[in-house]
Amino acid sequence: MTDRPESNAVDLSVDEAFFELLTGSFQRIVGSSLIGEGTGPDWLYRDAPFVVLAHNTDDDPRFVYANKAAQNCFEYPWDEFITLPSRLSAELPNRAERQQLLDAVTRNGFISDYRGLRIAKSGRRFWIEAGIVWQLLDRDGNLRGQAATFSKWQDA
């Protein structure tokens, strides 16, 4: 993996270093494990029954990771998801609320029990329930982006 996940040169879907960034930062910041013992990047990407998304640190952050559960939920295939500005996961009227969430994550390191309205590629609106959003900090404390996970969602 390159120094920053912003690079499209490496496929981050099952990249070991990015997996460590996702799971390691979750463990360090949230204080619990994102995954079960013995699971790895393939399982998280292909088989996890919960959504995991991550965006980079660009001025207009774009998604750099979306597991299969996220792709199914938001209705974007990998190649489209990883070019999508993350702000487009919320409709325009809900983007201010989404930005307030991300600002709170920046201040606090993470937010848990998040509920927010999102939009899929087809225009289907859905509620995220009990989400966790956290800073992607590498072992040296460098900010690499933000990530989110949730296992409950329902159509609005």
Side-chain angles (χ1 to χ4, degrees), residues 1-36 39-90 94-95 98-116 118-121 126 128-153:
M1 185 171 118
T2 60
D3 184 47
R4 297 174 58 102
E6 287 81 1
S7 172
N8 272 335
V10 175
D11 178 356
L12 299 180
S13 63
V14 294
D15 182 76
E16 289 281 346
F18 192 75
F19 173 77
E20 167 52 35
L21 177 64
L22 277 172
T23 59
S25 62
F26 189 91
Q27 179 71 46
R28 289 186 300 276
I29 294 168
V30 178
S32 61
S33 182
L34 178 63
I35 57 167
T39 56
D42 289 329
W43 180 86
L44 183 62
Y45 178 72
R46 291 182 177 81
D47 301 321
F50 51 88
V51 167
V52 178
L53 302 159
H55 68 216
N56 64 14
T57 59
D58 288 353
D59 289 338
D60 187 10
R62 70 172 171 77
F63 288 112
V64 294
Y65 181 87
N67 69 356
K68 289 290 190 177
Q71 292 171 47
N72 291 334
C73 184
F74 285 88
E75 303 171 355
Y76 287 98
W78 174 263
D79 290 343
E80 287 181 48
F81 225 133
I82 62 168
T83 63
L84 186 70
S86 62
R87 66 181 157 75
L88 298 180
S89 65
N94 300 315
R95 289 184 192 155
R98 179 187 163 278
Q99 188 58 52
Q100 289 173 350
L101 160 77
L102 298 177
D103 292 344
V105 171
T106 298
R107 284 190 307 274
N108 303 321
F110 78 100
I111 296 285
S112 61
D113 204 27
Y114 172 70
R115 182 174 193 263
R118 293 294 176 267
I119 187 164
K121 181 179 179 179
F126 61 96
I128 292 171
E129 306 282 347
I132 300 173
V133 184
W134 72 100
Q135 295 281 77
L136 287 176
L137 295 175
D138 65 23
R139 290 189 180 276
D140 297 324
N142 299 308
L143 179 64
R144 305 284 299 280
Q146 293 180 329
T149 187
F150 56 92
S151 58
K152 298 178 188 175
W153 61 92

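Positions are given from 1, in the same order as the sequence printed here. These numbers come from the heavy atoms of this one structure, side chains and all, not from hydrogens, waters or symmetry mates.
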Shortest non-hydrogen separation from Ile128 to Trp153 and the atoms involved: CA-CB, 4.4 Å

Nearest-0.5 Å distance that lies between atom CZ in Arg98 and atom OG in Ser89: 5.0 Å

Side chain to side chain contact (heavy atoms under 4.5 Å, CB included) between His55 and Leu102, intermediate numbers included: CA-CA 11 Å; His55 68 216; Leu102 298 177; 3.8 Å; yes

CG on Asn94 to CZ on Arg118, rounded to 0.5 Å: 7.5 Å

Criterion side chain to side chain contact (heavy atoms under 4.5 Å, CB included) on Gln135 and Thr106, from CA distance to verdict: CA-CA 7 Å; Gln135 295 281 77; Thr106 298; 4.1 Å; yes

For the student: nearest non-hydrogen atoms of Phe19 and Thr39, plus distance: CZ-O, 3.8 Å

Shortest non-hydrogen contact from Leu22 toward Trp134: O-NE1, 3.6 Å

Heavy-atom pair with the smallest gap, counting every atom of Ile111 and Ala104: CD1-CB, 3.8 Å

Distance in Å, Asn142 CG paired with Leu136 CG, rounded so as to fall on 0.5 Å steps: 12.0 Å

Arg144 side chain to Asp138 backbone, donor-acceptor under 3.5 Å: no

Main-chain N/O of Ala66 paired to Gln71 side chain as donor or acceptor, under 3.5 Å: yes

Exam field: side chain Asn67 to backbone Val51, donor-acceptor pair closer than 3.5 Å: no

Residues in ring pair (Phe, Tyr, Trp, His ring centres under 6.0 Å) contact with Phe81, at least two apart in sequence or another chain: Phe63, Phe74, Tyr76

Contact summary for Phe50 and Ser151, nearest pair of heavy atoms: CB-CB, 3.7 Å

Plane angle bin for Tyr45 and Trp78 - parallel if under 30°, tilted between 30 and 60°, otherwise perpendicular: perpendicular

Taking every non-hydrogen atom, the tightest pair across Thr57 and Gly145: CG2-N, 3.4 Å

Phe18 and Tyr65 aromatic ring geometry - parallel, tilted or perpendicular at 30°/60° bounds: tilted

Residues forming a side chain to side chain contact (heavy atoms under 4.5 Å, CB included) with Lys152, sequence neighbours excluded: Glu129

Interatomic spacing from CD in Gln27 to OG in Ser32 - rounded to 0.5 Å: 6.5 Å

Residues forming a side chain to side chain contact (heavy atoms under 4.5 Å, CB included) with Asp103, sequence neighbours excluded: Gln99, Arg107

From Lys68 atom NZ to Leu44 atom CG, the distance as rounded to the nearest 0.5 Å: 13.0 Å

Spacing of Leu101 atom CG and Gln146 atom CD [to the nearest 0.5 Å]: 7.5 Å

Heavy-atom donor-acceptor pair, Arg62 side chain to Ile82 backbone, under 3.5 Å: yes

